[in-house]
Amino acid sequence: MKIFSRFTGIVACASLILAAGCSANGIAPSGGPVGLSAPGWISAGGVLYHAPHYMATAKNANRAKPPGILLNYGNGPVLVSPKMYVIFWGFKTYGDPDKVKKLLVKYGKVVGGSGLNNIYTQYYQIVNGTTTNITNPRGQFGGAWEDDGNAVPAHPNDAQVAAEALAGVAHFGYDANGSYVVATPHGRSSSGFGSSFCAYHSAASYNGKLVSYTNLPYMPDANDCGVNWITPPSDESGVDEGVTIVEGHEYAESVTDPNPPTGWYNNAQGEIGDICAWQNVKNDPFRKKSYSSQPMYSNASQSCVHSY
């Protein structure tokens with residue numbers, strides 16, 4: 001995602017927690033300690049989280065791309081064995097009229113091993129001199145949790161979303177390769193959803209360890225976040241298309257740049273999904289199903305592609 005935040009430089013190691021695993025960008029590999037005093041990190045509402053990085057709406061997206069774009073590696077972690085955990089926050093209490101939960105669970109169960117997700121395998125992390133590429137295992141769905149014990153504010157702020165992501169970590173268990181998705185219900189989305197952004201991903205600290213998480217609002221509530229974008233798959237309604245378009249975007253960026261911008265990032269164009277946002281959306285195959293998806297950026301071909 002593109003940075004709409006105060007973060008202006010590479011994260012520096014906090015002197016409080018200098019450790020052997022600390023990398024050049026100041027954050028240890030996934031599972032290592034977070035730099036508690038590093039720029040871009042915010043302590044609020046009882047949680048420590050990074051300033052969010054947003055996916056633009058279709059109207060606000062920049063589609064003018066110069067040639068020769070490359071994503072550059074910032075010496076930080078990636079999710080080398082990615083796993084998607086979905087927290088359905090208040091869906092029973094506040095409603096799910098468009099059956100987003102059912103769609104998102106079905107989608108999560110088949111993303112692993114897909115041609116789209118294989119694009120990420122060209123990207124890697126370097127830890128203590130060892131290069132490890134992102135993998136594309138078949139089973140990337142870690143599970144779903146419907147949390148109706150915590151009330152959802154009318155417009156959850158960043159600290160509240162981060163806190164819910166950490167509640168998900170407590171429920172599922174900590175996974176250094178996990179992408180924890182906070183899906184908010186109908187009518188309960190963060191301020192600015194649908195007008196300035198469609199979703200965002202960020203990072204938070206869980207017992208001093210890095211957590212990659214996503215704020216995924218209720219896409220059918222916003223016309224500019226994929227509703228009726230293309231002809232939908234035969235078993236899906238057009239109003240739901242943004243669910244997979246946007247979560248696909250966020251998952252790709254959570255995997256390749258979990259602590260933005262210390263993973264794979266381009267200073268002018270953003271992350272792997274930003275460069276290709278709201279362009280050439282197709283119904284991509286995921287095993288026996290198909291789901292509406294945007295392409296992702298491939299350094300190998302220097303272009304937006306749907307498979308690799």
Side-chain angles (χ1 to χ4, degrees), residues 55 78-88 91 96 98-124 133-146 168 172 175 177-183 198-199 201 212 214 216 218-220 225-256 258 272-273 276-298 300-301 303-308:
M55 177 186 181
V78 298
L79 307 186
V80 294
S81 300
K83 208 91 170 181
M84 181 192 299
Y85 300 89
V86 187
I87 302 134
F88 291 99
F91 268 55
D96 179 17
D98 297 294
K99 298 181 174 58
V100 166
K101 179 185 175 184
K102 181 179 179 181
L103 172 61
L104 199 51
V105 169
K106 287 167 58 180
Y107 175 73
K109 288 180 177 180
V110 296
V111 293
S114 65
L116 185 71
N117 284 40
N118 212 52
I119 299 166
Y120 320 147
T121 63
Q122 65 189 278
Y123 301 105
Y124 54 82
N133 282 70
I134 296 168
T135 60
N136 184 21
R138 186 173 176 88
Q140 292 187 34
F141 189 64
W145 174 43
E146 190 152 337
F172 290 110
D175 185 346
N177 288 293
S179 176
Y180 294 85
V181 182
V182 178
C198 291
H201 79 106
S212 180
T214 292
L216 188 72
Y218 200 81
M219 291 304 138
C225 291
V227 171
N228 295 313
W229 190 255
I230 59 172
T231 301
S234 59
D235 60 347
E236 187 180 327
S237 67
V239 74
D240 282 333
E241 284 184 283
V243 175
T244 56
I245 296 170
V246 175
E247 171 51 19
H249 176 114
E250 294 303 332
Y251 189 54
E253 296 184 339
S254 184
V255 169
T256 58
I272 189 172
C276 309
W278 305 113
Q279 303 173 46
N280 192 27
V281 173
K282 295 181 179 180
N283 293 324
D284 280 333
F286 293 84
R287 302 180 203 174
K288 295 181 180 180
K289 297 285 187 177
S290 63
Y291 296 100
S292 302
S293 309
Q294 68 158 82
M296 301 297 166
Y297 197 75
S298 168
S301 62
S303 64
C304 295
V305 299
H306 280 269
S307 64
Y308 176 74

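Side-chain contact between Phe88 and Trp145: absent, with no pair of heavy atoms (C-beta onward) separated by less than 4.5 Å. Here the side chains of Phe91 and Tyr218 are in contact, with some heavy-atom distance below 4.5 Å. Within the 4.5 Å cutoff, side-chain heavy atoms of Trp278 are placed close to those of Ile245. At least one side-chain heavy atom of Tyr291 sits under 4.5 Å from a side-chain heavy atom of Lys106. Counting heavy atoms from C-beta outward, Val227 and Met219 have side chains that stay 4.5 Å or more apart. Looking at Gln294 and Met55, their side chains come closer than 4.5 Å, going by heavy atoms from C-beta outward. Side-chain atoms of Val86 and Val105, non-hydrogen and from C-beta on, never get closer than 4.5 Å to each other. Between Pro82 and Tyr251, some side-chain heavy-atom pair lies under the 4.5 Å cut-off.
Heavy-atom minimum distance, Ser292 versus Thr244: O-OG1, 2.8 Å. Minimum interatomic distance between Ala252 and Met296 (heavy atoms only, all atoms of both residues): CB-SD, 3.7 Å. Nearest approach of Asp98 to Asp240, heavy atoms of both residues: O-OD2, 2.8 Å. Contact detail for Phe286 and Ser293: the closest heavy-atom pair is CE1-OG, 3.6 Å. The shortest heavy-atom contact between Ser301 and Ser303 is OG-OG, 2.6 Å. The minimum heavy-atom distance linking Val246 with Leu216 is given by the pair CG1-CD1, 3.9 Å.
Taken to the nearest 0.5 Å, the OG atom of Ser254 stands 10.5 Å off from the CG atom of Asn177. Separation of atoms SG (Cys276) and NE2 (His306) is listed at 8.5 Å; rounding is to 0.5 Å. The CD atom of Gln140 sits 7.5 Å away from atom CE of Met84, with the distance rounded to the nearest 0.5 Å. Separating the CG atom in Asn283 from the CD atom in Glu241 is a distance of 6.5 Å, to the nearest 0.5 Å. Of the inter-residue distances, the one linking Lys99 atom NZ with Leu104 atom CG reads 15.5 Å to the nearest 0.5 angstrom. Considering CG of Asn228 and OG of Ser237, their distance stands at 8.0 Å, rounded to 0.5 Å.
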Requested in this report: Verify side chain to side chain contact (heavy atoms under 4.5 Å, CB included) between Val181 and Ile87, making sure each step is shown before the conclusion.
Outcome: CA-CA 6 Å; Val181 182; Ile87 302 134; over 6 Å; no
**Report entry** Chi angles and distances behind the side chain to side chain contact (heavy atoms under 4.5 Å, CB included) call for Ser290, Asp284
**Finding:** CA-CA 5 Å; Ser290 63; Asp284 280 333; over 6 Å; no
Query - CA sep, side-chain torsions, deciding dist, call: Lys288, Val110, side chain to side chain contact (heavy atoms under 4.5 Å, CB included) - result: CA-CA 9 Å; Lys288 295 181 180 180; Val110 296; over 6 Å; no
**Report entry** Test side chain to side chain contact (heavy atoms under 4.5 Å, CB included) applied to Lys101 and Glu146, step by step
**Finding:** CA-CA 9 Å; Lys101 179 185 175 184; Glu146 190 152 337; 2.5 Å; yes
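Under a cut-off of 6.0 angstrom, the local environment of CZ in Arg138 is sparse, with at most 12 non-hydrogen atoms contributed by other residues, nucleotides or ligands.
Side-chain atoms of Gln122 come within 3.5 Å of backbone atoms of Ala300 as a donor-acceptor pair (strictly under, hydrogens ignored).
A donor-acceptor pair shorter than 3.5 Å cannot be found between the side chains of Thr214 and Glu247.
Asp235 has a carboxylate O that lies under 4.0 Å from a charged side-chain N of Lys289, or vice versa, which qualifies the two as a salt bridge.
Under the side-chain hydrogen bond (donor to acceptor under 3.5 Å, both in side chains) criterion, Asp175 pairs with Tyr85, not counting sequence neighbours.
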Would you mind writing out the side-chain donor-acceptor pairs for residues 114-121 within the sub-3.5 Å range, not counting sequence neighbours?
from: Ser114; atom 1: OG; to: Val111; atom 2: O; distance (Å): 2.8
from: Ser114; atom 1: OG; to: Asn117; atom 2: N; distance (Å): 3.1
from: Ser114; atom 1: OG; to: Asn117; atom 2: OD1; distance (Å): 3.2
from: Asn118; atom 1: OD1; to: Asn136; atom 2: ND2; distance (Å): 3.3
from: Asn118; atom 1: ND2; to: Tyr308; atom 2: O; distance (Å): 2.8
from: Thr121; atom 1: OG1; to: Asn118; atom 2: O; distance (Å): 2.7

